[in-house]
Amino acid sequence: MNGTEIRKKYLEYFNSREHAIIPSAPIIPENDPTTLFTSSGMQPLLPYLLGSPHPKGARLVNSQKCFRAEDIEEIGDNRHTTCFEMLGNWSLGDYFKKEQLNWIFDFFTKEVGLSPEKLYVTVFAGEEKYGIPKDNEAVLIWKELFKKVGIDAKDIFIGSEEDGGKTGMQGGRIFYYNSKKNWWSRSGVPENMPAGEPGGPDSEVFYDFGTPHDKSFGENCHPNCDCGRFMEIGNSVFMEYVKEADGSFSTLPQKNVDFGGGLERIAAASLGGADIFGTDLFKPIIESIEKLSQKKYQGGLVKDDSAFRIIADHMKGAVFMMSGGILPANTEQGYVLRRLIRRAVRYADLLGLKENELQKTVDSISLIYKDVYPEIQEKIEYIREGVKNEEVKFRKTLEVGMRQFEKIKSEGISGHEAFLLFTTYGFPIELTLELAKEKELSVDLDGFKAEMEKHKILSKSQSDQKFKGGLADHGEMAVKYHTATHLLQKALIEILGNHVAQKGSNITGERLRFDFSHNQKMTDEEKKKVEDLVNQKIKEALPVSYEDIPLVEAEKRGAIRLFEEKYGDVVRVYKVGDFSLEFCGGPHVKNTSELGNFKITKEEAVSSGVRRIKAILT
Ligand code: SER
């Protein structure tokens with residue numbers, strides 16, 4: 001089965017087991033101040049995993065477009081990508097371990113047709129510190145499932161990855177790992193979770209491609225070894241815990257299942273080659289690069305293929321982002337997009353693509369997703385143009401950087417200089433190394449890596465801060481800003497006119513930021529009117545409530561919606577008194593009187609026809 005067939009089969013399989021199919025949320029989350037991208041299927045479902053009822057019921061299934069920016073530098077092997085599709089099924093306090101593991105084993109072996117002999121599973125080894133036990137229940141279920149297909153599944157204690165390297169497979173089928181591998185929450189291991197975040201032990205399924213073990217990854221191979229023999233194809237999270245403010249764990253009011261499986265990897269397993277780039281979800285892009293570069297892609301565990309993979313991955317990520325309305329910029333999502341395109345240009349140069357040819361790969365990506373994500377085809381001109389413009393800009397910066405490079409008079413390039421070339425002039429380190437070689441200069445690569453590490457740690461602590469800021473300390477403020485955003489949008493429509501539509505929204509614990517379509521700068525009088533109207537609605541102490549209603553009904557009532565987003569057939573709408581009615585998943589305050597005083601701090605242009613307002617509550 002290829003990826004397209006697997007996606008369809010998966011949705012049908014769970015749909016026939018009473019799961020409602022929900023659409024993929026946008027890759028750029030709306031109203032989630034905690035993160036830049038949707039990086040897993042569960043992320044948009046967080047409020048429901050915490051207990052708020054979902055309009056479509058307690059069993060859900062979908063295929064979610066995901067993006068993980070932290071992996072950019074790691075791309076190049078046979079299985080990692082920044083952007084991928086995650087097949088997800090959820091039980092919101094409905095079924096639990098037994099049904100989940102039975103269904104997923106059945107789906108992999110019977111529907112996709114993977115040989116059970118090639119499947120290995122991992123389970124949680126327990127965490128004494130938090131009083132969370134070893135997952136014996138999952139082990140018993142797995143043993144039973146393997147027994148039914150004639151496999152005597154032995155369970156083996158691994159503990160950590162390092163231990164795995166020491167002990168190896170030992171003829172096992174079920175492997176216990178600690179929380180670094182078999183615990184899932186958005187923030188990772190239990191220690192890193194902020195108060196209020198849900199998480200739990202998980203059980204992963206690995207596919208064995210049977211390739212020889214590479215000892216540079218450790219003495220012995222085991223399911224979580226990075227040599228490329230095993231690929232994780234599915235993760236069932238048993239989300240039954242929540243972190244408390246005192247650092248301990250308590251159980252959630254409902255036991256949830258959160259399953260996520262990488263579609264590209266399942267497709268690779270089904271195809272049998274240890275390479276996701278050989279599947280129908282990547283092959284057309286690889287072929288397009290082959291054609292443009294006149295070079296041949298080899299596939300499998302071949303390391304020389306990394307340039308093909310980097311271009312294919314980065315271009316797909318860039319296309320997904322641009323189809324969601326993002327353009328290259330120097331901050332936030334736009335910056336990640338800029339990095340993707342610039343790295344792709346660099347690798348395109350290495351492979352010998354001609355200038356401005358990179359944008360030609362966009363067509364192959366649109367082709368892969370024509371039936372599932374038609375928005376790519378709809379925006380194809382805009383996307384090609386975006387790639388082309390960014391390439392032109394990058395080449396100009398490169399020129400300036402080259403002049404800077406020429407000025408380096410010393411014998412060698414220090415780590416700091418290489419770092420500056422990278423951060424200020426956008427010189428990827430590969431380029432610095434190449435140029436240095438031509439000029440017979442040395443490069444202090446370790447020094448460069450140390451500077452990068454420092455930088456990474458800095459940005460990581462910033463993003464940790466951002467995450468904490470969102471859910472824990474400033475959670476309450478963010479919720480207030482969210483409700484204020486609804487008031488603001490409605491006020492803008494009343495004061496400026498019906499052409500006002502949301503183009504972007506971002507909330508932190510300190511402010512709201514709202515982008516909307518409008519052609520002129522707002523006058524001081526207009527700003528004042530909008531502020532006054534919002535403040536009047538706050539004073540009126542309007543109740544905030546939601547309703548789950550059919551899409552057509554919501555449309556009939558004129559609820560404000562996002563035009564780029566696809567909605568399911570039942571939607572949640574939030575009402576603020578009789579003033580505003582808007583498609584939204586929440587959360588919101590209960591009454592507008594909780595908001596305080598609303599003040600616009602800035603009104604500016606973002607791009608042609610789009611204005612941005614920043615506002616605070618005091
Ligand atoms: N949330 C889990 C993951 O991302 C399973 O969906 O792996």
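We count ligands from 1, going down the list as the structure has it; atoms in each ligand are counted the same way. Just so you know, these numbers use all the heavy atoms, side chains as well, and skip hydrogens, waters and symmetry mates.
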- Evaluate the ring planes of F320 and Y373, with Trp represented by its six-membered ring, and classify them as parallel (under 30°), tilted (30 to 60°) or perpendicular (over 60°). perpendicular
When Y13, Y10, Y95 are each screened for ring-ring contact (aromatic ring centres under 6.0 Å, His included) with H19, the one that passes is Y95
Notebook entry, point to check: When you measure from the side chain of D275 to the backbone N and O of G299, does any donor-acceptor pair fall under 3.5 Å?
Noted result: no
(Q) Contact between F206 and M231 at the side-chain level, heavy atoms closer than 4.5 Å - yes or no? (A) no
Among side-chain atoms of S40 and W184, is any donor-acceptor pair under 3.5 angstrom? no
In short, salt bridge (charged side-chain N to carboxylate O under 4.0 Å, His left out) pairs touching residues 17-27 with sequence neighbours left out are E18-R59
Residue shell for ligand 1, any heavy atom closer than 4.0 Å, reads S40, M42, R68, M86, W184, N235, V237, D258, F259, G260
